[in-house]
> 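Before I ask anything, let me first share the structure, which is written out below as structure tokens.
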Amino acid sequence: KGISSNLAHESSLFLALDHQVLMMLNKKNIDNNKIKLITYQNSKILLPDPFRYDDKNYNETMDKIKNICMNIDLDYLC
């Protein structure tokens with residue numbers, strides 16, 4: 001889904017799944033302070049885009065994404 005200028009203005013945070021998405025977001029008219037990698041709090045986690053994975057690897061990656069999302073400390077950004 002595309003990011004409208006209204007969405008970019010109203011949102012306080014955009015979390016990119018990987019560096020490719022991060023670069024795409026940086027090319028948009030979005031305040032760079034609103035853009036972070038989803039793994040910004042733990043850069044040791046490797047999280048590739050699971051789009052073309054087989055079921056086993058897809059589910060493992062989705063479990064990692066779920067775990068990361070459940071443990072994001074949004075207060076860290078303030």
Side-chain angles (χ1 to χ4, degrees):
K1 182 175 178 180
I3 298 173
S4 68
S5 59
N6 191 38
L7 180 63
H9 176 72
E10 291 180 358
S11 298
S12 58
L13 180 64
F14 290 88
L15 295 174
L17 180 63
D18 58 27
H19 285 90
Q20 184 177 355
V21 174
L22 182 69
M23 290 187 309
M24 184 270 309
L25 288 171
N26 281 322
K27 291 179 182 177
K28 301 268 184 191
N29 190 20
I30 300 172
D31 179 358
N32 286 341
N33 293 321
K34 294 182 176 185
I35 303 171
K36 303 271 187 225
L37 273 172
I38 197 168
T39 57
Y40 74 95
Q41 289 176 325
N42 188 346
S43 60
K44 293 180 182 181
I45 297 174
L46 297 176
L47 195 60
D49 188 342
F51 181 68
R52 298 187 193 272
Y53 280 179
D54 61 25
D55 287 346
K56 179 182 179 286
N57 289 321
Y58 177 86
N59 288 329
E60 287 175 1
T61 302
M62 295 307 290
D63 286 342
K64 282 184 184 180
I65 293 170
K66 180 180 177 182
N67 188 36
I68 291 166
C69 291
M70 292 178 68
N71 290 297
I72 288 177
D73 180 7
L74 295 176
D75 293 332
Y76 175 81
L77 296 171
C78 300

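Start at 1 with the first residue, then count along the sequence.
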> If you look at every heavy atom in Tyr58 and Tyr53, which pair is closest and at what distance?
N-CB, 3.6 Å
> What closest approach, in Å, do Leu7 and Phe14 show between heavy atoms, and which atom pair accounts for it?
O-CZ, 4.0 Å
> Look up atom CE in Met24 and atom NZ in Lys27, then write down how far apart they are to the nearest 0.5 Å.
10.0 Å
> Taking atom CG of Asn29 as the centre, report whether more than 12 heavy atoms of other residues, nucleotides or ligands fall under 6.0 Å from it.
no
> By the salt bridge (Lys or Arg N to Asp or Glu O under 4.0 Å) test, which pairs, at least two apart or in different chains, include something from residues 55-71?
Lys56-Glu60
> How many angstroms lie between atom CD1 of Ile65 and atom OG1 of Thr61, to the nearest 0.5 angstrom?
6.5 Å
> Nearest 0.5 Å please: distance from the NZ atom of Lys28 over to the OG atom of Ser5.
10.5 Å
> Report the C-alpha separation of Ile38 and Ile45 in whole Å, then their side-chain angles, then the decisive distance to 0.1 Å, and conclude whether the side-chain contact (heavy atoms from CB on, under 4.5 Å) test is met.
CA-CA 10 Å; Ile38 197 168; Ile45 297 174; over 6 Å; no
> Rounded to the nearest 0.5 Å, what separation is found between the CG atom of Leu13 and the CG atom of Asp31?
11.0 Å
> Considering all heavy atoms of both residues, which atom of Gln41 and which atom of Asp73 are nearest to each other, and what is their separation?
NE2-O, 2.8 Å
> Side-chain contact test, heavy atoms from C-beta onward, threshold under 4.5 Å: evaluate it for Tyr40 versus Leu15 and give yes or no.
yes
> For a quick test of reading the model, state the closest non-hydrogen atom pair linking Lys34 to Ala8 and the distance between them.
NZ-O, 2.8 Å
> Could you give me the CA-CA distance, side-chain angles and deciding distance for Asp18 and Leu47, then say whether side-chain contact (heavy atoms from CB on, under 4.5 Å) is met?
CA-CA 7 Å; Asp18 58 27; Leu47 195 60; over 6 Å; no
> Atom OG1 of Thr39 and atom NE2 of His19: how far apart are they, to the nearest 0.5 Å?
7.0 Å
> Is the shortest heavy-atom distance from the side chain of Leu17 to the side chain of Pro50 under 4.5 Å?
yes
